[in-house]
Amino acid sequence: MQLSKLLNIAIPMIQAPMAGVQNWRLAAAASNAGILGSIPCGMLSKAQVIEEIENFKAHASGPYNLNFFCHEMPELDPYQQDKWKQKLSAYYDEFNVEPNENLGVLRRPFDMEMAEAIAPYKPSVISFHFGLPDAALVEFVKSWGAKILSSATTLEEGIWLAENGADIVIAQGIEAGGHRATFTETKLESQLHTRQLVTILADALSVPVIAAGGIASHHDVIMMHELGACGTQIGTCFLLCDEADTSQVHRNALKSLAEPSAVTNVFSGRPARGIENRLMIDLSFINSEVPAFPYASAALAPLRATAEEQGKGDFSPLWSGVNRQGCKEVSIQEVVENLWTDKLINT
Ligand SMILES: Cc1cc2nc3c(=O)[nH]c(=O)nc-3n(C[C@H](O)[C@H](O)[C@H](O)COP(=O)(O)O)c2cc1C
C-alpha cells in the first residue's frame, strides 16, 4: 500500500522528529506542506506532550506523529558521574563554571503513564527510537488504531522490528543526523549507507520501508523510491527552516560546510551524528568513560550554556547528517516543494 494512503498524507515524506531543535510549530508547518509532521516527545513530560498536541491541532488539520525513545533506563551511577565531571574539570576551570548538581531534563523511555495520557487523542502515528517498548505497550498503542514506526540500522534490527509490531520500518543509514537508532550489539563500522540498507530491508521485509539519512535533493528522494522505499524521512534539510528552533550556534555550524560530521557518544552516552566540534575531537569521538545514556548530558549543560553565550558550539551537540546541502533558511513548505517537485529555491 502507498505510504500516502497508509498515513493519510499528500506526499510520502516524513519530517523527522528532532528533539531539542523543534516542536509543534515545525510539525504543523510540515503537515500544512503535505507531509507527516513529527513531534519529538522523548524529553517532554505528559503535560508538555498534551500541550504540543493541542498546539498542533490548533494550527494544522492533518495527522501527526508522536515520537518517543524506548531505551532501557539504567540506574544512575554516582561513581561514573564523578569520573565524568573530573574529565571535564579543565573545561569547568577554563569557562569558570561550576558543575551542576541536578540531572536536568533527561531523555526518558515511553511508558504506560505516557501511553494513557495520549490515548484520548488517538494519534494515528507513533514512532519509536532505539527499538520498541514492551509488547503490552505496543498492543495498547495499536488498540486505538495507531500505526507504529521504528528505525533499523541493520537488517537484523529491521527483521526484529517487523516481527515485533512495527507497521513500517525506517531504514536509518549511517549518513543520518542525530542518534543512531541502534538497539542491538552492532559495530558502527559495519553499519550501512542509506541506499544499501533500504535495498536489503525493502527486499527482506513484508512491511513498508522508509529511507532516512543523507537525503537532501529531489534526486535523492527519487533514488530512494527506486531502491524500494515507499517514502523518506528527512531531518537535517529542515534544520535551518524558519519554523525550527535550531539554536544560533547550531545554525552557524550547519551553514559553514567546512567542518565534517562524525558519530560520537560524548554528548549523551549513545552514538549520534553531529558536526565535529571541540569536545568530540578532544575526547576522540567514541569514549568509553562517558556515562551511560542518557546520563552524559547533565554535566555538559553549564559548559554548553556558557560557551553558547560566547557564540561557541564547543560543547553543544550540533546534530546533523552528512549532507547539509539541502539546508535553506526558508519555510519548510519551500524545502518540501524543492525535495518533492525539484523547484529551485531562490535564496
Ligand atoms: C537534530 C536532530 C535530532 C534528532 N532527534 C531525533 C529524535 O528525537 N527522535 C528520532 O526518532 N530521531 C531523531 N533524529 C534522527 C532522525 O529521525 C533521522 O533518522 C535523521 O534526521 C535522518 O537523516 P538526515 O538528518 O540526514 O535527514 C534526529 C536527527 C537530527 C538531525
Side-chain angles (χ1 to χ4, degrees), residues 13-23 26-27 30 35-44 49 52 65-71 105 107-110 125-132 148-153 157 161 166 168-183 191 193-195 197-198 209-217 220-221 224 229 231-241 244-247 249-251 253-254 261 263 267-268 270-275 293-294 297 313 316-327 332 335-336 339:
M13 189 180 286
I14 302 177
Q15 164 253 313
M18 296 185 284
V21 301
Q22 57 112 172
N23 59 20
L26 186 71
I35 68 173
L36 184 69
S38 301
I39 301 175
C41 303
M43 294 169 78
L44 304 182
V49 172
E52 288 287 305
N65 164 33
L66 299 184
N67 172 257
F68 296 94
F69 301 131
C70 49
H71 52 286
V105 181
R107 295 171 175 93
R108 296 210 168 267
F110 187 66
V125 184
I126 302 289
S127 71
F128 293 109
H129 217 47
F130 312 133
L132 289 170
I148 293 186
L149 276 60
S150 186
S151 295
T153 57
E157 288 177 355
L161 290 174
I168 297 174
V169 169
I170 302 161
Q172 192 197 36
I174 193 67
E175 297 94 327
H179 280 96
R180 307 291 308 138
T182 307
F183 57 94
Q191 294 190 1
H193 288 280
T194 307
R195 57 180 188 281
L197 191 60
V198 165
V209 171
I210 289 177
I215 301 165
S217 68
D220 295 339
V221 172
M224 292 305 157
T232 48
Q233 173 160 296
I234 293 170
T236 299
C237 268
F238 300 142
L239 285 172
L240 290 184
C241 286
D245 287 337
T246 315
S247 70
V249 290
H250 198 168
R251 283 177 185 267
L254 287 159
S261 73
V263 177
F267 292 107
S268 70
R270 263 185 123 108
R273 182 178 291 282
I275 298 169
F293 183 90
S297 353
S316 307
L318 305 169
W319 299 149
S320 167
V322 294
N323 195 344
R324 319 210 278 274
Q325 297 289 343
C327 295
I332 190 168
V335 181
V336 169
L339 289 167

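Note that ligands are numbered from 1 as they come in the structure, with each ligand's atoms numbered from 1 the same way.
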Query raised in the report: What do we get for F128 next to ligand 1 when only non-hydrogen atoms under 4.0 Å count, side chain, backbone, both or neither?
Result: neither
Query raised in the report: Taking distance alone, with no angle check, do G214 and ligand 1 share an N/O pair under 3.5 Å?
Result: yes
Query raised in the report: Nearest to atom 9 (N) of ligand 1, what protein heavy atom do you find, and at what distance?
Result: N67 OD1, 2.8 Å
Report summary line: the protein heavy atom lying closest to atom 8 (O) of ligand 1 turns out to be A19 N, 3.1 Å
Query raised in the report: Looking at side-chain heavy atoms only, is the closest gap between Q15 and Q233 below 4.5 Å?
Result: no
Report task. Please lay out, stage by stage, how H129 and Q172 fare under the test side chain to side chain contact (heavy atoms under 4.5 Å, CB included). Result -> CA-CA 10 Å; H129 217 47; Q172 192 197 36; 3.8 Å; yes
**Report entry** atom 16 (C) of ligand 1 [closest protein heavy-atom partner, distance rounded to 0.1 Å]
**Finding:** A16 CB, 3.7 Å
Query raised in the report: Within the side chain of S150, is there an N or O that forms a donor-acceptor pair under 3.5 Å with the backbone of F128?
Result: yes
Requested in this report: Kindly say whether G213 contributes a backbone atom to a donor-acceptor pair with the side chain of T194 at under 3.5 angstrom?
Outcome: yes
Report task. Could you name the option among S320, A176, G177 that has the heavy atom nearest to atom 29 (C) of ligand 1? Result -> G177
Query raised in the report: Under the side chain to side chain contact (heavy atoms under 4.5 Å, CB included) test, which residues partner D220, sequence neighbours left out?
Result: I215, A216, S217, N323
Requested in this report: For atom 1 (C) of ligand 1, find the nearest protein heavy atom and state the residue, atom name and distance (0.1 Å precision).
Outcome: W319 CB, 3.4 Å
Query raised in the report: Step by step, would you call I39 with N23 a side chain to side chain contact (heavy atoms under 4.5 Å, CB included)?
Result: CA-CA 6 Å; I39 301 175; N23 59 20; 5.9 Å; no
Query - Top protein contact for atom 4 (C) of ligand 1, by heavy-atom distance - result: M18 CA, 3.4 Å
**Report entry** Residue among L66, L149, N65 satisfying side chain to side chain contact (heavy atoms under 4.5 Å, CB included) with S38
**Finding:** N65
Requested in this report: May I ask you to identify, for Q172, whether its side chain, its backbone, both or neither come under 4.0 Å of ligand 1 on a heavy-atom basis?
Outcome: side chain
Query raised in the report: Looking only at atom types and distance, does a side-chain atom of S320 sit under 3.5 Å from a main-chain N or O of G274, one as donor and one as acceptor?
Result: no
Report task. Give the numbers and elements of all ligand 1 atoms closer than 4.0 Å to a heavy atom of G321. Result -> 26 (O)
Query raised in the report: side chain to side chain contact (heavy atoms under 4.5 Å, CB included) between F130 and R180: does it pass, once the steps are laid out?
Result: CA-CA 8 Å; F130 312 133; R180 307 291 308 138; over 6 Å; no
Requested in this report: With atom 14 (N) of ligand 1 as the reference point, say which of G235, G173, P17 has the nearest heavy atom.
Outcome: P17
Query raised in the report: Which atoms from ligand 1 have a heavy atom of Q233 less than 4.0 Å away?
Result: 17 (O)
Query raised in the report: For ligand 1, which part of T236 has a heavy atom less than 4.0 Å away: the side chain, the backbone, both, or neither?
Result: both
